[in-house]
Amino acid sequence: MMGWLDNESILVTGGGSGLGLALVRRFLDEGARVTVLELNAEKVAALQADFGSSVLVVQGNVCCSADNQRAVDAAVAHWGRLDCFVGNAAVWDHGLGLMAMTGAQLEQGFDELFAVNLKGYMLGAKAAAPALLASGGSMIFTLSNSAFYPEGGGPLYTASKHAAVGLIRQLAFELAPRIRVNGVGPCGMASDLRGPAALGQQHQRIMDSRTPEAIASILPLQFFPQAEDFTGPYVLLASRANNRVLSGVMIQADAGLGIRGIRHVAGGLDL
């Protein structure tokens, strides 16, 4: 059966777990040829064991320009081209507030978190742009409900995701008409998303400080999404057949959070 992404070459950063891994699986199901840039050696090994030659895995750090370029070069050499770059690797701050951090934590946490969440996106875009200009391809960046509203993280994470919105708009402007640049903003889900070592959060996963019930309770659709539930918008944005007209667009895939706000209790069940 034909997929929406047949023979499209897609590079995903942070594809070893959570949303990134769900995207790898969905892209494969849609017929794509997938490359992953992944930092963690255990996740690299798991990807290679699970997918074999179906996925090209490059171990490297999104904060390193050379590693991003190495992943792009590998994708082009192996698959013959690059059609879509998905910037997805990120770290979270577990909602740590401004007044809960020392000055040193704020300084070092900022450098570490923004290096991944923003510089990593810029470096990936820089590395991928020439190949995408050649293919007339696209870029997609993972945002968050924190890209639009407060209280989905602390000031570091929220600021980084708001900054990513500006990056998407600027790149969509600069790279038009050859490259479409868009974003997807998921809400909370179970993943291996962790925090900065500078804040002592490198071993703390998102679900260590949140529960499925707590996440579901603030969402108007009143369920706890799985990573797979968010993959559809990425397929739409990457698909040449389905997206010729969207660029500079942020899809808020947040189970309706935007209509209510994060502090409000979802209602409607008793109506």
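The analysis underlying the following values was restricted to heavy atoms, covering all of them including side chains, and did not include hydrogens, waters or symmetry mates.
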Taking [Y] as the starting point, is it possible to reach [X] by hopping between hydrophobic residues whose side chains are less than 4.5 Å apart?
{"X": "F173", "Y": "V245", "result": "no"}
{"X": "F27", "Y": "L37", "result": "no"}
{"X": "V55", "Y": "V44", "result": "yes"}
{"X": "Y121", "Y": "V116", "result": "yes"}
{"X": "F85", "Y": "L143", "result": "yes"}

Heavy-atom check, side chain of [X] versus side chain of [Y], under 4.5 Å:
{"X": "S138", "Y": "L132", "value": "no"}
{"X": "L133", "Y": "I179", "value": "yes"}
{"X": "D254", "Y": "Y149", "value": "yes"}
{"X": "L56", "Y": "V34", "value": "no"}
{"X": "F51", "Y": "V57", "value": "no"}
{"X": "T142", "Y": "L19", "value": "yes"}
{"X": "V86", "Y": "L23", "value": "yes"}
{"X": "K119", "Y": "F114", "value": "no"}

So, taking the atom named [atom1] in [X] and the one named [atom2] in [Y], what distance separates them when rounded to the nearest 0.5 Å?
{"X": "N243", "Y": "R180", "atom1": "CG", "atom2": "CZ", "result": "4.5 Å"}
{"X": "L113", "Y": "Q201", "atom1": "CG", "atom2": "CD", "result": "9.0 Å"}
{"X": "N117", "Y": "C63", "atom1": "CG", "atom2": "SG", "result": "9.0 Å"}
{"X": "N7", "Y": "E30", "atom1": "CG", "atom2": "CD", "result": "13.0 Å"}
{"X": "I251", "Y": "L246", "atom1": "CD1", "atom2": "CG", "result": "6.5 Å"}
{"X": "N88", "Y": "L11", "atom1": "CG", "atom2": "CG", "result": "11.0 Å"}

Exercise. Not counting sequence neighbours, list each pair that qualifies as a ring pair (Phe, Tyr, Trp, His ring centres under 6.0 Å) and has a residue in residues 210-257.
Key: none
Got a donor-acceptor contact below 3.5 angstrom from the [X] side chain to the [Y] backbone?
{"X": "E107", "Y": "A104", "result": "no"}
{"X": "S217", "Y": "A214", "result": "yes"}
{"X": "Y157", "Y": "D93", "result": "no"}
{"X": "H78", "Y": "A74", "result": "no"}
{"X": "S135", "Y": "L82", "result": "yes"}
{"X": "D83", "Y": "S9", "result": "yes"}
{"X": "T13", "Y": "A89", "result": "yes"}
{"X": "S239", "Y": "L236", "result": "no"}
{"X": "Q59", "Y": "E38", "result": "no"}
{"X": "N182", "Y": "M250", "result": "no"}

Quiz prompt | Residue R81 excluded, over 12 heavy atoms near CZ under 6.0 Å | solution = yes
Practice problem: Report the C-alpha distance between L47 and L21 in whole Å, list the side-chain angles of each, state the deciding distance to 0.1 Å, and finish with yes or no for side-chain contact (heavy atoms from CB on, under 4.5 Å). | Solution: CA-CA 9 Å; L47 285 165; L21 181 56; 3.8 Å; yes
Quiz item: Would S17 and K43 count as having a side-chain donor-acceptor pair, cut-off 3.5 Å?
Solution: yes
Quiz item: Are side-chain N/O atoms of E112 and Q108 paired as donor and acceptor at under 3.5 Å?
Solution: no
Any idea which heavy atoms bring [X] and [Y] closest together, and the distance?
{"X": "A90", "Y": "K161", "value": "CB-NZ, 4.1 Å"}
{"X": "P233", "Y": "A253", "value": "CG-CB, 4.4 Å"}
{"X": "A238", "Y": "C84", "value": "CB-SG, 4.0 Å"}
{"X": "R33", "Y": "W79", "value": "NH1-O, 3.3 Å"}
{"X": "C187", "Y": "N145", "value": "CA-OD1, 3.2 Å"}
{"X": "I259", "Y": "P220", "value": "CG1-CG, 4.0 Å"}

Practice problem: Tell me, with the steps shown, if V58 and V36 meet side-chain contact (heavy atoms from CB on, under 4.5 Å). | Solution: CA-CA 6 Å; V58 177; V36 174; over 6 Å; no
Quiz item: What is the ring orientation for W92 with H94, classed by angle as parallel under 30°, tilted 30 to 60°, or perpendicular over 60°?
Solution: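 Correct class here is tilted.
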Exercise. Go through the steps to decide whether L167 and L118 satisfy the test side-chain contact (heavy atoms from CB on, under 4.5 Å), and finish with yes or no.
Key: CA-CA 8 Å; L167 175 63; L118 195 63; 4.3 Å; yes
Exercise. Decide yes or no on side-chain contact (heavy atoms from CB on, under 4.5 Å) for L96 and M101, but give the supporting numbers first.
Key: CA-CA 7 Å; L96 189 64; M101 287 183 279; 3.3 Å; yes
Quiz prompt | Residues R70, D67: salt bridge by 4.0 Å N-O rule | solution = yes
Quiz item: Taking NZ, NE, NH1 and NH2 as the nitrogens, is one of them in E8 or R240 under 4.0 Å from a carboxylate oxygen of the other?
Solution: yes
Quiz item: Among L171, V184, V165, which one satisfies side-chain contact (heavy atoms from CB on, under 4.5 Å) with F141?
Solution: L171
